[in-house]
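These notes are about the structure you will find just below.
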Amino acid sequence: MVSLTDLFLASLLVPTSLGSALPPRIIDTIDQRGGRVTLKQVRNPRGHKAFNPARATYRTFLKYGVPAPDYIKKAVAHIDEEQEEAFARIKRDTGSAAAIPINEVDIAYVTPVTIGTPPQTLMLDLDTGSSDLWVFSSLTPSNQVRGQEIYSPTKSSTSKLLSGHTWSIRYGDGSGSRGTVYTDNFTIGGLEVKSQAVQAALEVSSSFTQEQSLDGLVGLGFSALNTVRPSSQLTFFDNARPNLDEEVFTADLKYHATGSYDFGFIDSKKYAGNITYTAVQQSPGYWTHSLSGYSVGSGAFQASQISGISDTGTTLLYLPTAIVTAYYRQVQGAQNSQYYGGYVFPCSSTLPTFTFGIEGARFTIPASYINYTRISPTSTTCYGGLQSSSGLGINIFGDVALKAAFVVFSGTNPPRIGFAIK
Ligand SMILES: C[C@@H](SC(=N)N)c1ccc(Cl)cc1
Ligand SMILES: C[C@@H](SC(=N)N)c1ccc(Cl)cc1
């Protein structure tokens, strides 16, 4: 019995004079002696077109001048159709959305999301340092809501109460919230997750009430950190991952400008050179990794493994005291002020840059990012974007560092994080 493969290969046996007629990438070598052809299978660079064996057979009939029977013609169509359906089903979800600073010093960034049917649009803080997706809601006491958009589950035909489930979260800066849980359709930048756990706030702390441009958070940490009980819930990224083209999301945060978050793909237009990846320890649930060292201004690079978390939800860069004092020693008039709760300096200071290493790569934070903000609108004293982590118990590579790079959060197994110049 002649197999389909034989027929296919037979249809490729071409007189050597025509050998060159086939694109070189397909024909690896042509053995001139026996007229034999060695085929190197290469992935079709044009994406997902597959080989249709019935079409090869059809062509073989044509080639030998034999009219192809009707069933062969039908078989070609059947296989094309099934292949189209199959390719339509494979991973192809992606999303892309803006990361908008909520004030003039980039204290946090918000991203438009839609929840429910019909879609309710809220502006949420995508936070790789936590894993709860919670929103101001119709259940939040009105005296705790000051200008925020709210999610009203009763106005959504697709909302479902996750009965008996509650949540309560406390952030590192002392802020916090608690509430109850619904599932509903949730999209970011066109990427939809059906039945995403949406944690509706029954109570929020004052710092959230005062932040009128922030309607809640989307936790993008590892789901182990989720506070919903009795059963913890998955993050948007964990829910979306099975459908994503690539198991990644990227952060392109910008200084005093709108950046973006992408899901499911790495946009090569958003960075220059190569992405340098480094290992992530996902316990207890943060994107924990090491810096390979640092340098201050034009000083020599100090190689040193500095473990910390890449956290889009934290505004500033918090590093060990030894590094921070080495930095501010270069700043005339700088001091670690108990009164102001951190390193301050005269706003007129000329600050050095700060460079951090990821493996062999180097990323330089411009001085402007570290001249973070005036203590008050009329003050000549400024607060640094680089502060000591000694009170935190953890080093935090917050927005001041992340906005100096294009960052790839890779949910592969094992997870890893990548940094590129932009
Ligand atoms: C992980 C962040 S909070 C967040 N990004 N949701 C954090 C943790 C601990 C301290 Cl001490 C300060 C900040
Ligand atoms: C992510 C958490 S904690 C943190 N500041 N890193 C947060 C974000 C925004 C506000 Cl207004 C209050 C708290």
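First listed ligand is number 1; within each ligand, the first listed atom is number 1.
Neither the backbone nor the side chain of Asp311 comes within 4.0 Å of ligand 2, counting heavy atoms alone. Residue contacts with ligand 2, taken as heavy atom pairs separated by less than 4.0 Å, involve Thr314 via backbone and side-chain atoms alike. Of all the heavy atoms of Ala108, none lies under 4.0 Å from any atom of ligand 2, so neither backbone nor side chain is involved. Looking at Thr128 against ligand 1, nothing comes within 4.0 Å, counting heavy atoms.
No close placement of the Tyr327 and Tyr294 rings is indicated, their centers lying 6.0 Å or farther apart. A ring-centre distance under 6.0 Å is not found for Phe186 and Tyr151.
Checked against Phe222 for a ring-ring contact (aromatic ring centres under 6.0 Å, His included), the options Tyr286, Trp287, Phe409 give a single hit: Trp287.
The atoms of ligand 1 that sit less than 4.0 Å from any heavy atom of Ser130 are 6 (N). Listed by number with element, the atoms of ligand 2 under 4.0 angstrom from any heavy atom of Leu217 are 1 (C). Close contacts of ligand 1 with Ile309, meaning ligand atoms under 4.0 Å from a residue heavy atom, involve 1 (C).
Residue Asp173 places no N or O, backbone or side chain, under 3.5 Å from any N or O of ligand 1. An N or O contact shorter than 3.5 Å is missing between Tyr286 and ligand 1 by distance.
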